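One structure is given below, encoded as structure tokens.
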Amino acid sequence: MSHTRADFDQYMVPNYAPAAFVPVRGAGSRVWDQADRQYVDLTGGIAVNALGHCHPALVAALNEQGSKLWHLSNAFTNEPALDLAQKLVKATFADRVFFCNSGAEANEAALKLARRAAIERFGDKKHKVLSALNSFHGRTFFTVCVGGQPKYSDGFGPKPAGIEYFEYNNLDSLSALIDDETACVIIEPIQGEGGVVPATAAFIAGVRALCDKHHAFLIFDEVQSGAGRTGSLYAYQEYGVSPDILTSAKGIGGGFPLGCMLTTSDIAKHLAVGTHGTTYGGNPLACAIGNALLDVVNTATVLDGVKAKRELFVAAIAKINAQYSVFDEVRGMGLLIGAELKPAFAGKAKDLLNLAVKEGLMILMAGPNVIRFAPSLVIADEDIREGMQRFERAVAAFVTA
Ligand SMILES: *Cc1c(COP(=O)(O)O)cnc(C)c1O
């Protein structure tokens, strides 16, 4: 054991506050730390490890591609990227795919594309970006400013102009802002970081209609809700409303950095040669893993399993809540689950997270009042049972703390 948690404070930039233990290996939905203590992982690397840790199909793809070809640059195309792009086109509304390495990069591409296409079609004035309050779209400066949480974007100097905010799930609020100068509206079908808040079906349909009326592009940020998380490959399929541009990252790489932006050929043509790019985007190693992930996830077995496993979680949380009365509401879709603490426990999600660690359980928060579960989509039922037993012990300690 050559390093300790204390080394983090000595060597790393202090922008994170990691847990006290240091994980060293994982398998499925279990993780072990330096002392070989075992944890049930219900975080899924924040909705990233869609197939848990070291899934055999992903390890095989990594090893196979890893000894074949890693990286070329975008001066050359490659088979894994073409394969993955074709699969994504077949599985969604989209005709064209742009690959990148993260959610923020996917959203950056989406926003740049939307503005570019709108300006080329209607002139310079059509550049307004409308985004929901409390939304999260990444941490590059453009995406963090588009995100509706000033605490993340303030303090970095002048912000890009032309961004305005409406209330999520409030169509009147969007209706009051949108006009013929609006280039695009960007929303998360389920606000993840903002507290696991799903959009209502009426809101999604209303947003689509308003965008159509004003020739504004509709961008769905599915970085957290995508790649099978809801029990459909993408959440828009649950709503039956297609966007013009969709962004995906997190789960699509299963733990390897991979992001993508999907769109129609009519819109895609505005990203002509030289208008946008990224060095690593669409590299064969990442795309080989993305292919393996999609082959496993985009099947009835896994997607139906997500819905069945959600029921196990919801029932277990309800049982715990019947005894301890800590949660107001349990929400989300599929295996993106948020449990909002009652007002008496407001602001204390982090305390519950810390107590969970003591019980050998990794869980997430989504803001100070919401406990979030985003486990592997193929988590074993036994791991859910064991995880929820540990969660119950953490909740018992929490209410008496
Ligand atoms: C995590 C997240 C992002 C940012 O993704 P990164 O890979 O961290 O850049 C963007 N949008 C949503 C909805 C997210 O959950």
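What you see is a predicted model, and the numbers here were worked out from it, not measured in a lab. One-based numbering, in listed order, for ligands and for the atoms of each.
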Please indicate whether any nitrogen or oxygen in [X] is less than 3.5 Å from any nitrogen or oxygen in ligand 1.
| X | value |
| --- | --- |
| Gly103 | yes |
| His137 | no |
| Lys250 | yes |
| Glu188 | no |

_Exercise: do Thr92 and Tyr234 side chains pair donor with acceptor under 3.5 Å_ = no
Distance under 4.0 Å to a non-hydrogen atom of [X]: what atoms of ligand 1 satisfy this?
| X | value |
| --- | --- |
| Gly138 | 4 (C), 10 (C) |
| Asn107 | 10 (C), 11 (N) |
| Ala104 | 4 (C), 5 (O), 6 (P), 9 (O) |
| Ser102 | 7 (O), 9 (O) |

*asked:* Looking only at protein heavy atoms, which one is nearest to atom 11 (N) of ligand 1, and what is the separation?
replied: Asp221 OD2, 2.7 Å
Quick check: do [X] and [Y] have side-chain heavy atoms less than 4.5 Å from each other?
| X | Y | answer |
| --- | --- | --- |
| Ser153 | Lys159 | yes |
| Ile245 | Leu113 | yes |
| Cys287 | Phe99 | yes |

*Using protein heavy atoms only, decide if any is under 4.0 Å from atom 8 (O) of ligand 1.*
no
_Would Lys269 and Asp266 count as a salt bridge (charged side-chain N to carboxylate O under 4.0 Å, His left out) here? Give the steps._
CA-CA 6 Å; Lys269 65 174 187 255; Asp266 198 38; 2.5 Å; yes
*Output the distance between atom CD (Gln65) and atom CH2 (Trp70), rounded to the nearest 0.5 Å.*
11.0 Å
*For the residue pair Phe136 and Tyr152, categorise the inter-ring angle as parallel (less than 30°), tilted (30 to 60°) or perpendicular (more than 60°).*
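The arrangement is perpendicular - the two ring planes meet at more than 60°.
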